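Each remark here refers to the structure printed beneath this line.
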Amino acid sequence: MYTLQDIAELLSLRGEEAQALRRKAHQTKLREIGDKVYLRGLIELSNRCAKDCFYCGIRRSNSCVNRYTLTPGEVLQAADFAHKAGFGSIVLQSGERQDEAFVSLVEQLVRDIMKQSGGELGITLSLGEQSEETYRRWYDAGAIRYLLRIETSNPALYARLHPADHRFEERADCLNRLRRIGYYVGSGIMIGLPFQSTEQVARDLLFLRDSGVDMVGMGPYLEHEQTPLWEYRHLIPQKEERYELNLNALAVLRLLMPKINIAATTAMGTLKSKGRQEALYTAANVIMPNITPMEHRKDYFLYQNKICINDAVQDSLDNISQVIQEAGGKISLFEQGNPLR
Ligand code: SAM
C-alpha cells in the first residue's frame with residue numbers, strides 16, 4: 001500500500017532511480033495486461049466551446065480561433081477509415097456544448113457509426129460536462145466509454161484554473177453520472193500546472209485510484225499564448241522537469257492501478273519527440289492517432305507546438321506501428337481493447 005508520502009517521493013526520483021521505477025512499472029504492465037497496445041482514432045469533432053478554461057487554446061473567449069464543426073459526412077468518413085484500417089475504436093472529442101442541436105448531432109453520429117461499422121467499432125466520447133439525460137442518450141445510441149478529466153483533484157487549484165461558474169463539484173459529479181449509466185469511465189489530470197506541487201500530483205494519483213476509473217489520460221500542461229494562464233508560465237517547471245515528473249506519475253499510476261487502460265498522450269509527444277514511446281514503455285497501453293481531416297487540425301489548437309497538425313505521417317498507421325515497436329509493445333488491430341474490470 002503506497003502512502004501519500006511514498007508517492008511524493010517516487011514522483012521526485014530522477015536519474016537511475018527513476019529508470020528503476022519505470023522498469024518496475026513496465027514489468028507490472030507486462031505481467032498484468034501484457035504488451036498489446038490498442039488504437040483509438042481521435043476525431044476532433046468541433047472547436048466550438050461554451051467553456052472558458054484558463055489553460056485551453058479553444059476556450060470561448062479566444063477570438064483568434066477559426067471555429068469549425070465537422071460535417072456528419074466528414075465524421076463518418078474518418079470513422080470508416082479507422083474501422084477498415086483495424087483501429088478497433090474511435091474517440092469523438094470536442095469543445096463543450098449542451099444545446100439540443102449538438103446533443104442530437106452526437107446522438108445521430110453515434111448511431112450512424114455503429115450502423116456503418118456493424119457495431120464493430122468501439123465508440124469513446126470526450127465531450128465534457130453534460131446532464132445525466134444527455135449521457136444516457138449517447139449511451140443508448142451505442143457509446144460505451146467516456147473520457148472526462150478531473151484536471152486536478154484539488155478544488156482550490158481547480159478554481160484557479162477556471163472561471164467561477166466552472167465548478168469542481170459538477171465535474172466530479174459528472175463522473176458519478178457516467179458510472180451510474182454504465183460507461184467505462186476515463187479521467188485524468190494535467191501535470192506541471194502553475195500553482196501545482198508534486199504533493200498535489202501525488203494526491204491526484206490517489207484520487208484516481210480511489211475513484212476506480214477504468215482508463216486514464218494524463219499528460220503535461222503545455223502553454224498557450226492566447227490563454228490567461230500564459231501570464232503564469234514562469235511558475236511552471238522547465239520542460240525536462242515536467243517530462244520526468246510525467247513519466248514518474250505514469251509509472252506510479254500503473255503500480256497503483258495495474259489493470260486499467262492508460263493513454264500515451266499527444267501532449268507527451270509534443271513535450272519530447274520520443275514522449276509517446278517512453279509513456280508506452282513505462283505504463284501506457286493505448287494510443288490515439290489523430291484522424292481528424294487534415295484541414296481542421298490546425299484549428300483544434302489546445303496548446304502550442306501540438307504535434308500531428310501539419311504532418312499526416314506522424315500519426316499514420318506505419319508511424320504509429322513504429323512508435324509502438326520502439327516502445328517494446330505489439331500493435332493490436334481489429335480489437336476494441338476495453339478496460340479489464
Ligand atoms: N471539453 C472537453 C473536456 O474538457 O473534457 C473535451 C475537450 S478538452 C480540449 C480535452 C482536454 O484537453 C482537457 O481535459 C485538458 O486536460 C486538455 N487540455 C486543454 N488545454 C490544455 C493545455 N494547455 N495543455 C495540456 N492539455 C490541455
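Counting starts at 1 for both ligands and their atoms, in listed order. Since we're looking at a predicted model, the values are computed, not measured.
Following chains of ILVMFWY side-chain contacts shorter than 4.5 Å, one cannot reach L109 starting from V91, and the two form parts of different hydrophobic clusters.
Under the 6.0 Å cut-off for aromatic ring centres, H162 and Y55 qualify, their centroids lying closer than that. In summary, the aromatic rings of H224 and F301 are positioned with their centroids under 6.0 Å apart.
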Determine, step by step, whether E170 and R177 satisfy the salt bridge (charged side-chain N to carboxylate O under 4.0 Å, His left out) criterion, reporting the C-alpha distance in whole Å, the side-chain angles of both residues, the deciding distance to 0.1 Å, and the verdict.
CA-CA 10 Å; E170 173 67 10; R177 290 172 204 161; 3.1 Å; yes
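Protein residues with a heavy atom under 4.0 Å from ligand 1 are Y55, C56, Q93, S94, E96, S126, G128, L148, R149, E151, R171, M190, P220, Y221, L222, Y300, L302, Y303.
Between Y281 and H26, the ring-plane angle classifies as parallel under the 30° and 60° cut-offs.
Residue K24 places its NZ atom among 12 or fewer non-hydrogen atoms of other residues, nucleotides or ligands, all under 6.0 Å distant.
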